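Contents: one structure, followed by commentary.
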Amino acid sequence: MERYNHRDAEPRWQKVWDEHNCFSAKEDHTLDKYYVLEMFPYPSGRIHIGHVRNYTLGDVIARYKRAKGFNVLHPMGWDAFGMPAENAAMERKVHPATWTYENIAAMRAQLQSMGFSLDWSREFATCDASYYRHQQAMFIDFLEAGLVERRLSKVNWDPVDQTVLANEQVIDGRGWRSGALVEQRELTQWFFKITDYAQDLLEALDGLDRWPEKVRLMQQNWIGRSEGLHMVWQLIDVPDNISQSTIDLYTTRHDTIFGASFCAMAADHPLAKQLAEDNPELTAFIQECQRTGTSEEAIERAEKKGFDTGIKARHPFDENLEVPLYVANFVLMDYGTGAIFGCPAHDQRDLDFARKYGLNVLPVVIPDNETASTYYVGDEAYLGPGSLGNSQFLDGMSVDEAKSCVADRMEAISLNGTSQGHRTVNYRLRDWGVSRQRYWGCPIPVIHCEKCGTIPVDKSELPIKLPEDIAFDKPGNPLDRHETWLATTCHQCGGPARRETDTMDTFVDSSWYFLRFCSPHEEEVPTDLDAVNYWMGVDQYIGGIEHAILHLLYSRFFTRAMRKTGHTTTDEPFEGLFTQGMVTHETYRHDGAWLSPEEVTIVSTEDTRTAVRADTGEAVQIGSIEKMSKSKRNTIDPDDIIELYGADTARLFMLSDSPPERDIIWTEAGIEGAHRFVQRIWRLVNEAAAVMAPRADAPQLELEGPSSELRRASHRMLDAVSSGIESLRYNTAVAQIYEYSNTLAAALRAQGNGTDPAWASAVREGVEFLIQAIGPMMPHLAEECWSVIGHDSLLAETPWPSCEPALLVDDQVVIPVQVNGKRRDEIKIAKGAAKEDVEAAALGADGIQRAIGDKEVRKIIVVPDRIVNVVVS
RNA sequence: GCGACCGUGGUGGAAUUGGUAUACACAACAGACUUAAAAUCUGUCGACGCAAGUCAUGCGGGUUCAAGUCCCGCCGGUCGCACCA
């Protein structure tokens, strides 16, 4: 028998599937649908192993659901805008569009060589004008619905690249590309008002019961709801040139209000800025605050610093209590009101600050084992529960009682005619700044007209296409310098106007592509409501955990915004979410330089494992196992694996052993093991084909008799594989298949060339089940085997077989018997046997008799069909 | 610092969700076939013990007839957030 030749079989079956149009989703909206989607790739040039894992995980469920009779939508596209294309343009003098579309072509071919069951007829790239024109139309819809705003905002500005950087692109205070010190700048930016949906996005997390708990928690923390009190304090000794006589404070610890010993506002608080105008010292302090980096380290090391403004703030419940107002470096302008009262005894930052400036530290929440008069707070603020003390009318209350009492009183008393406080809810979530000063993104469809102001373009002018003739010879946004593109006419007044040169954050592109897949060729509007109604939401979405917040939260917001503007009918885009682990590999170093796996030979002996350079034989240091990355040079090229071992082997390796949510370590031994199993299945099927019942014969399947044991194993395997796939526990499904192939091989060996027609039928059934079970995982091998056993039809078009329930249950069960919780023997007994019979059988077993000896039996616990425990004293 | 998750053989991992701990695989070892190697097949494989058995799921307690699984406290690791008042 010839070895299975993947080089021949894989392209052949891919062609057949393509010719039969096996994987295009049907436009029949009366069928049960299943929408499975993996996060679409950025066309960086080549697919990497992480893609192979991602799309394999999705393809298994797609092929399985198709076999189960669902109308499956499994599309693919390209998240094609972004910085790398511009970097390539600058480095290699190639147009971003050329670079991107060439990469797409190369990567499409790679994905096709993996045999993924994708509906390529729905493919698009987000940089296609036919896609982004609809994004522009929706931007205008959002603007009209009040979901978009243009306002001044602080941004990270890279002075060398002359662009805004996202927080993630600022490393240790420097631009990730240029290495230049990042400046804080105020720029007019476009924002999506995601904060309008903060409460809804938070509450709806509860309904996402097929999302990982971890991701829901991360989003919950990111949204960061806190319930607090907004209040107004009177200011005293305000300089004459300042009109402000009160300050707005925000707190969540209003119970500690009698412990307040100072107030503090952010360095960029409007009052601080006003005061700084004629105060050089304060100006210098504010500048110092702004210089402090935003990196984690900088914040951790930064000392609490303040500047006493000389102004006093009057305590709302105690006219005689006046506390100093500081400008402080640890107060954030963009949270709450940008100003706080400090209660040092019960907040660590306030305590550090108070100790530095010699401010009063008065404990007001007294732990149960302390008394108010003697309780001393040292260098650690007390954050725990207790009863109020040193707090006038609050004394004796719990923290919660005191909070609600303070809130009631503040709401009741008035200052200058309005209530001095009100309960309020704050979120950490910020509005989504979508402006990017880049060329390779979706142009924001807005013009600036001297007469009419900043207005959206008329929808009839869409798409606002990117100009093609651009140069990347200078840093910054080339759109700013493209005069013929910039100059336009205002559609309202007919006067001259200039185009907006900001383009949209690429996260906008990926926030609705899953909706576009439902009707990718719709020209008039972004989505066909009929199609969206039928296909959405995505039943199973699969991607990396790194998108737990940004992409997944933006998409949830965008879907809501699209619903509000009439482009879809549901709020939640992804009903099921699965976050897969990374693919990792060992790292190798020699003389400080990283070496790729091909440059290294591993030398293994019985108990050592070392590495040498493949070319020179010099010793190589084996480093830690890390995520595959170009910088560590520990990547594996999927093309090499497909060529050497085949797509099915690569797919099997991705599915076996490690649970999909966990990181998987790529090893040569592992991929070879997977390849051996591919060959083993091939041999097994061919051997079985020689002895099993021919296809033409009427099957002579029996529920009892000699062949039923094999049949039980077959049906149990199929059942276990089905549930393993449905719950995405692919590693256990693969283990079932391994185990079954051992069983089937042993059965063939035992029976020899038996001629019992019932047995031959059972073998045929078992082989067919085996092929069906591997179908979603190793589709080419399965298709080849399917034809070997005499089928003319395609496995890809064959329904999933159903199990015979009678074969899934045994009429006899083996149950372990314990004595005092330790297993001593086991008994074989009829399933569902009466308790008394089970007890009798258990007590009769040799091992049990021996273990009991002369001790007294006190109790026998029988868990039906499970276990027996004999308790002796 | 706060929050979440995880610690099971030499290795990846399984365990019906409180009911036979270590399925399946990798590695290793022994054997068969072969002139030889590869491939393939067979067997062994948590520790100690000749055995009966004893001990083993990071460590220490607890609940229970029964704990890898539940509770409390440590230790170690991974991830997320982080001056959010």
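It should be emphasised that the depicted structure is a prediction, and the values quoted were computed from it without experimental measurement. Letters go in sequence order (proteins before strands), and every chain restarts at 1. What's counted below: heavy atoms across the whole structure, side chains too, no hydrogens, waters or symmetry copies.
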Just the rounded figure in Å: distance from P of B/C83 to CZ of A/Phe330. 13 Å
Looking at B/A23, I'd like to know if its phosphate oxygens (OP1 or OP2) sit under 4.0 Å from a side-chain N or O belonging to A/Asn742. no
Out of B/C65, B/C41, B/A85, which has the shortest distance to the side chain of A/Arg683? B/C41
Pairwise C1' distance, B/A23 and B/A14 [rounded to whole Å]: 5 Å
What integer distance in Å separates A/His675:NE2 from B/C26:P? 14 Å
By nearest atom, which of the nucleotides B/C65, B/G12, B/C24 is closest to the A/Ala735 side chain? B/C24
Base-pairing mate for B/U35 - Watson-Crick or G-U, with both contacts under 3.5 Å: none
Could you state the atom-to-atom distance from CG of A/Asp657 to C1' of B/A23 in whole Å? 13 Å
Can you confirm whether A/Glu661 sits close enough to A/Phe578 that some side-chain heavy atom of one is under 4.5 Å from a side-chain heavy atom of the other? yes
P-based separation of B/A47 from B/G1 [nearest Å]: 40 Å
Does a side-chain N or O from A/Tyr335 land closer than 4.0 Å to OP1 or OP2 of B/A85, or not? yes
Pick the P atom in B/G46 and in B/G9, then give their distance to the nearest Å. 13 Å
How far, in whole Å, is B/C65 from B/C74 if one measures between their P atoms? 28 Å
Consider the side chain of A/Tyr250, meaning its heavy atoms from C-beta on, and name the nucleotide among B/A85, B/G19, B/A27 that approaches it most closely. B/A85
Would you say A/Ser226 reaches B/A85's phosphate, i.e. side-chain N/O to OP1/OP2 under 4.0 Å? yes
Check whether any side-chain nitrogen or oxygen of A/Lys822 sits under 4.0 Å from OP1 or OP2 of B/A67, and answer yes or no. no
Just call it for A/Val868: base, sugar-phosphate, or nothing, with non-hydrogen atoms closer than 4.0 Å on any strand. nothing
Checking A/Glu826 against A/Lys828 for the salt bridge (charged side-chain N to carboxylate O under 4.0 Å, His left out) test, could you report, in this order, the C-alpha distance in whole Å, the side-chain angles of both residues, the deciding distance, and whether it holds? CA-CA 7 Å; A/Glu826 58 186 29; A/Lys828 191 168 189 183; over 6 Å; no
Which of the following nucleotides, B/C81, B/C24, B/U20, is nearest to the side chain of A/Pro816? B/U20
For B/G58 and B/U69, measure between their C1' atoms and round to the nearest Å. 16 Å
Measure distances between side-chain N and O atoms of A/Arg349 and base N and O atoms of B/A85, and say whether any donor-acceptor pair falls under 3.5 Å. yes
Run A/Arg430 and A/Asp334 through salt bridge (charged side-chain N to carboxylate O under 4.0 Å, His left out) and show every step you take. CA-CA 9 Å; A/Arg430 297 279 152 268; A/Asp334 57 0; 3.8 Å; yes
Are the aromatic rings of A/Phe769 and A/His715 close, with centres under 6.0 Å apart? yes
Given B/C24, B/G13, B/A66, which nucleotide is nearest the side-chain atoms of A/Tyr738? B/C24
Closest heavy-atom pair and its distance - A/Val364, A/Thr256: CG2-CA, 3.7 Å
Return yes if some donor-acceptor pair links the side-chain N/O of A/Asn731 with the main-chain N/O of A/Ser656 below 3.5 Å, else return no. no
If you compare every side-chain N and O of A/Arg866 against the phosphate oxygens of B/G18 (OP1, OP2), does one of them come in below 4.0 Å? no
Identified pairing partner of B/C59, criterion: Watson-Crick or G-U wobble below 3.5 Å: B/G73
Which residue lies toward the 5' end of RNA chain B, A/Asn221 or A/Asp334, if each is placed at its nearest nucleotide? A/Asn221
Tell me whether the side-chain N/O atoms of A/Asn731 come closer than 4.0 Å to OP1 or OP2 in B/A14. yes
Starting at CD of A/Glu739 and ending at P of B/A15, how long is that distance when rounded to a whole Å? 12 Å
Find the distance A/Met582:CE to B/G80:C1' and express it as a whole number of Å. 14 Å
Under a 3.5 Å limit for both distances, which nucleotide forms a Watson-Crick or G-U wobble pair with B/A28, could you say? B/U44
Work out how far the C1' atom of B/A67 is from that of B/A21, and round it to whole angstrom. 11 Å
Could you check which of B/G53, B/C83, B/U40 has an atom nearest any side-chain atom of A/Arg676? B/U40
From CD1 of A/Ile867 over to P of B/C65, roughly how many Å is that when rounded to an integer? 15 Å
Residue matched to B/C65 through Watson-Crick or wobble contacts both under 3.5 angstrom: B/G19
Would you check if the distance from the ring center of A/Phe353 to the ring center of A/Tyr326 is below 6.0 Å? yes
For A/Trp432 and A/Ile194, which heavy atoms make the closest approach, and how far apart are they? N-CG2, 3.8 Å
Using a 4.0 Å heavy-atom cut-off across all strands, classify A/Val871 as base, sugar-phosphate, or nothing. sugar-phosphate
Starting the side chain at C-beta, find the nucleotide from B/A52, B/A85, B/G19 nearest to A/Arg850. B/A52
Please tell me which of the listed nucleotides, B/A85, B/A14, B/G3, lies nearest to the side chain of A/Leu217? B/G3
Whole-Å P distance, B/C29 and B/A37: 14 Å
Rounded interatomic separation in angstrom, taking NZ from A/Lys627 and P from B/U78: 17 Å
Within the structure, does a side-chain N or O atom of A/Arg428 lie under 4.0 Å from either OP1 or OP2 of B/A82? no
At under 4.0 Å between heavy atoms, what does A/Ser658 touch on the DNA or RNA strands: base, sugar-phosphate, or nothing? sugar-phosphate
Going by a 90° cut-off around 0, is B/G9 syn or anti? syn
Within this structure, what is the CZ-to-P distance between A/Arg225 and B/G3, rounded to whole angstrom? 20 Å
Where does B/U17 land, syn or anti, once you apply the within-90°-of-0 test for syn? syn
Could you tell me whether the side chains of A/Arg858 and A/Asn820 share a donor-acceptor contact shorter than 3.5 Å? no
Quick check: on RNA chain B, is the nucleotide nearest A/Leu332 upstream (toward 5') of the one nearest A/Lys859, or the reverse? Name the residue that is more 5'. A/Lys859
A/Arg729 has a side chain; which of B/A85, B/U17, B/G19 sits nearest to it? B/U17
What's A/Arg662 touching, base or sugar-phosphate or nothing? Going by heavy atoms closer than 4.0 Å. sugar-phosphate
Give the minimum heavy-atom separation between A/Val868 and A/Ala842, together with the two atoms involved. CG1-CB, 3.9 Å
Of the listed B/A82, B/C24, B/U54, the closest approach to the A/Arg824 side chain comes from B/U54
Using the P atom as the reference point in each nucleotide, state the distance between B/G80 and B/C70 in Å, no decimals. 25 Å
Under a 3.5 Å cut-off for both distances, is B/G1 Watson-Crick or wobble paired, and to whom? B/C81
